[in-house]
Amino acid sequence: MTDRCKEKLTASVRDFQLPRYHQIPTVGLYLEQVTRYISDMLAPIQENCITNSMVSNYVKKKLISNPHKKQYDRDQIAYLIFIAAAKSVLSLDALKQMIELQQQTYSPQKAYDYFCEELEGTLAYVFGLSRTPTEIGSDPFDEKTMLRSVVIALSCKTYLEKCLVVMKEEGISGQELKESEPVQHEENSPLKRDQKDEAQMQDCEDGAAAQR
C-alpha cells in the first residue's frame, strides 16, 4: 500500500474520540436527536450505524429501557452508542447478554467510559497510530476480557473495511498488490530449501554408510 493510501487510512481515525459519560447530554433527547447525535459520534468509523427504527427495535427487544415521555436519558444514550458500534460484530441476542453481564458488574458510567477508552486505544494500535495496544485498568473480571474481545473484533473489521475503501478510491487492484510484494526467487522458496536440506541429509547418510 502506498504512503498516500496509508495516510488516508490513518486520517480516518486519527482524531476519533467518543464523548465520555459526563459529556453526554443530561437533558433528555428525542428519538431523532438521539440517532443524529450517535451517528455523528460514530461517523469516522461507521456510516449509517443507527436509525430511528433500529432504536425502536432495541427498546422492543429490551436492550434498553423505554424512553420517558419519548425522551432518552444519559444511560440509554450510552447503551445505544455501544450497541450501534458493536452490532456489526455481535448479534442482538449477544449484545443483550453482554449488557446484562455488565449490569451485574459495573455501573453504566464506568462500563461506558471503559468501552470508549478501549475502542480509541485499540483503533489507534490497529491503524498503526500507536506502537502498543492500550491496557485500561487491571480488573480480572471475565466481562472485561469479553468486552475487550468485542473491541478488538470491531477495530479489525473497521480497519479491513477502510482499507478496501481506500484501495478502491485509489484504484489499487489485487494484481498491483501482488506485484508490489517482494519477489521471492525460486531457489530461495520454502519448497526449494526443504528439497536442498533433504538432499544434504541424504548425502550425509550415504557418506556415513560408506565409512561403515
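Since we're looking at a predicted model, the values are computed, not measured. For this chain, numbers begin at 1 and follow the sequence in order.
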Judged by atom type as modelled, is there a donor-acceptor pair below 3.5 Å linking the side chain of E32 to the main-chain atoms of N52?
-> no
Do the side chain of T10 and the main chain of E7 share a donor and acceptor less than 3.5 angstrom apart?
-> yes
Which heavy atom in R74 sits nearest to a heavy atom in T26, and how many Å separate them?
-> NH2-CG2, 2.5 Å
About how many Å separate CG of L154 and CG of L123, when rounded to the nearest 0.5 Å?
-> 6.5 Å
Rounded to the nearest 0.5 Å, how far apart are CD of Q17 and CD of E117?
-> 10.0 Å
A85 versus L42, closest heavy-atom pair with distance | N-CD1, 3.9 Å
Will you find, in the side chains of Q33 and Y37, an N or O donor that is under 3.5 Å from an N or O acceptor?
-> no
In terms of hydrophobic clusters joined by side-chain contacts under 4.5 Å, are I45 and L164 together?
-> no
Any luck finding a side-chain donor-acceptor pair between Q102 and Y79 under 3.5 Å?
-> yes
Between G121 and S130 the two heavy atoms that sit nearest each other are O-OG, 4.3 Å
Check: T158/Q46 side-chain N/O donor and acceptor closer than 3.5 Å = no
Does the gap between the ring centers of Y159 and F127 come in under 6.0 Å?
-> yes
Atom of A86, atom of L95 and distance for their closest heavy-atom approach = CB-CD2, 3.7 Å
Rounded to the nearest 0.5 Å, the CD1 atom of I24 sits from the CE atom of M41 at a distance of 10.0 Å
Quick one: pull up CZ in F82 and NZ in K87 and give me the separation to the nearest 0.5 Å.
-> 12.5 Å
With no hydrogens and no angle check, is any side-chain donor or acceptor of Q104 less than 3.5 Å from a backbone partner on L101?
-> no
Is Y30 linked to I38 within one hydrophobic cluster, defined over Ile, Leu, Val, Met, Phe, Trp and Tyr using a side-chain heavy-atom separation of less than 4.5 Å?
-> no
Check the pair S65 / D75 against side chain to side chain contact (heavy atoms under 4.5 Å, CB included), numbers first and verdict last.
-> CA-CA 10 Å; S65 57; D75 282 1; over 6 Å; no
Taken to the nearest 0.5 Å, the spacing of R36 CZ from I50 CD1 works out to 13.0 Å
Do L147 and K144 have side-chain heavy atoms sitting under 4.5 Å apart?
-> no
Tested for side-chain contact (heavy atoms from CB on, under 4.5 Å) against R148, the lone hit among I152, T145, V151 is I152
Apply side chain to side chain contact (heavy atoms under 4.5 Å, CB included) to the pair S39 and N48, showing each step before the final yes or no.
-> CA-CA 7 Å; S39 295; N48 305 317; over 6 Å; no
Ion pair E169/K162, N-O distance below 4.0 Å | no
Give a yes or no on this: more than 12 heavy atoms of other residues, nucleotides or ligands lie within 6.0 Å of atom CD of Q23.
-> yes
Ignoring hydrogens and geometry, is there a side-chain-to-backbone donor-acceptor pair from R20 to L18 under 3.5 Å?
-> yes
Can you see which heavy atom on K96 is nearest to which on K61, and at what distance?
-> NZ-O, 3.5 Å
Is any NZ, NE, NH1 or NH2 atom of the basic residue among E143 and K110 found under 4.0 Å from an Asp or Glu carboxylate oxygen of the other?
-> no
L160 with L129, same ILVMFWY side-chain cluster at under 4.5 Å = no
Any side-chain heavy-atom pair from F16 and L119 closer than 4.5 angstrom?
-> yes
Any side-chain heavy-atom pair of I99 and I83 under 4.5 Å = yes
CA sep, side-chain torsions, deciding dist, call: V59, Y72, side chain to side chain contact (heavy atoms under 4.5 Å, CB included) = CA-CA 11 Å; V59 173; Y72 295 80; 4.1 Å; yes
What are the two closest heavy atoms between L90 and A94, and how far apart are they?
-> CD2-CB, 4.0 Å
Looking at CD of Q97 and OG of S91, how far apart are the two atoms once the value is rounded to the nearest 0.5 Å?
-> 9.0 Å
